[in-house]
Amino acid sequence: MAAVLESLAVPRSSGAASAAALSPVASASSLAPTAGRRRSATFPQASGLRIGPVSVARSLRSPSQRPRRAPAVVCEAQDTAVEVAGVTDATWQSLVLESESPVLVEFWAPWCGPCRMIHPVIDELAKQYAGKLKCYKVNTDESPSVATRYGIRSIPTVMIFKSGEKKDAVIGAVPKSTLTTSIEKFL
């Protein structure tokens, strides 16, 4: 507290700015309230930031005139990623229940952090088991009736269906090895 008091400037209640009131060092006694009145401290005006006019010539350049930068980071995952299709209430029957091959379905929601963590794992599994297993995602906010029918109370939940029947369910953001073990049982 002493360090703070040394850097405050406290004006006097008389309204006249004296040399003591503008002093960068204030004593503890000068800050103590007198007769039940509260004193306020004033701080010097900050002038550290300067905002200048924007260069019109620079900001109005067309995209073709702007200097191009080489990308610093190249994402090689673009070629390996597989987009897992979404399933809705309307397409559930035809895509999941009437499928001839086993189906992995992830129940998720856009606001769910663990769901976003498991998305890349589901994408990897879709690529790894392409042709043997179909993978879909169900947004529980957009298709609540499917989630209710299967008693989804926690997301992410991954279910495996075979011949239209639910065979297994894994709740939570689990490692890829856990999902692989479940999948291998039904291939």
Side-chain angles (χ1 to χ4, degrees), residues 46 48-49 51-187:
L49 297 177
I51 300 173
V54 177
S55 171
V56 176
R58 188 176 193 188
S59 64
L60 293 179
R61 285 184 192 167
S62 69
S64 62
Q65 294 175 334
R66 291 185 188 138
R68 300 222 180 244
R69 290 187 190 173
V73 177
V74 177
C75 179
E76 295 176 2
Q78 295 171 358
D79 300 331
T80 61
V82 174
E83 183 67 29
V84 176
V87 177
T88 63
D89 292 337
T91 59
W92 177 261
Q93 182 74 28
S94 63
L95 293 177
V96 177
L97 299 181
E98 296 174 359
S99 175
E100 307 232 347
S101 61
V103 179
L104 180 139
V105 179
E106 176 200 1
F107 291 87
W108 70 286
W111 46 264
C112 169
C115 298
R116 289 192 299 256
M117 288 171 40
I118 202 170
H119 279 327
V121 175
I122 300 296
D123 293 342
E124 288 175 23
L125 291 170
K127 181 173 179 164
Q128 181 179 339
Y129 290 102
K132 300 178 194 172
L133 177 76
K134 293 182 181 178
C135 295
Y136 297 108
K137 295 180 182 181
V138 176
N139 183 337
T140 56
D141 290 345
E142 294 175 359
S143 302
S145 65
V146 173
T148 303
R149 183 183 319 157
Y150 290 97
I152 304 298
R153 294 191 178 159
S154 296
I155 51 174
T157 296
V158 177
M159 288 188 176
I160 299 174
F161 292 84
K162 188 172 185 179
S163 303
E165 295 179 13
K166 175 183 142 186
K167 296 293 184 182
D168 198 6
V170 179
I171 299 171
V174 296
K176 182 179 177 182
S177 59
T178 304
L179 294 173
T180 303
T181 304
S182 292
I183 292 168
E184 292 292 334
K185 290 190 261 183
F186 303 104
L187 290 181

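Between Val84 and Cys135 the shortest heavy-atom distance is CG1-O, 3.3 Å. Residues Val170 and Ser182 approach most closely at CG2-OG, 3.7 Å, considering heavy atoms. Of all the heavy atoms in Ile118 and Gly172, the pair that sits closest is CD1-O, 3.9 Å.
Atoms CD1 and CD, from Ile122 and Glu106 in turn, are 5.0 Å apart once rounded to the nearest 0.5 Å.
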Using a 3.5 Å cut-off and no angle test, enumerate the donor-acceptor pairs between side-chain atoms of residues 95-105 and protein atoms at least two apart in sequence or in another chain.
| unit_1 | atom_1 | unit_2 | atom_2 | d |
| --- | --- | --- | --- | --- |
| Glu98 | OE2 | Gln93 | NE2 | 3.4 |
| Ser99 | OG | Ser101 | N | 3.3 |
| Ser99 | OG | Ser101 | O | 3.0 |

Atom pairs and distances, side-chain donor-acceptor, residues 150-163, under 3.5 Å, sequence neighbours left out:
| unit_1 | atom_1 | unit_2 | atom_2 | d |
| --- | --- | --- | --- | --- |
| Thr157 | OG1 | Ser154 | O | 2.4 |
| Lys162 | NZ | Phe186 | O | 3.2 |

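Checking each of Thr180, Thr178, Leu179 against Lys176 for a side chain to side chain contact (heavy atoms under 4.5 Å, CB included) leaves exactly one that passes, namely Thr180.
Between Asp141 and Pro110, some side-chain heavy-atom pair lies under the 4.5 Å cut-off. By the 4.5 Å heavy-atom criterion applied to side chains, Val121 and Val174 are not counted as neighbours.
Applying the ring pair (Phe, Tyr, Trp, His ring centres under 6.0 Å) definition to pairs two or more places apart or across chains, those involving residues 111-143 are Trp108-His119.
Of the possible donor and acceptor atoms, one in the side chain of Thr181 sits under 3.5 Å from a partner among the backbone N and O of Ser177.
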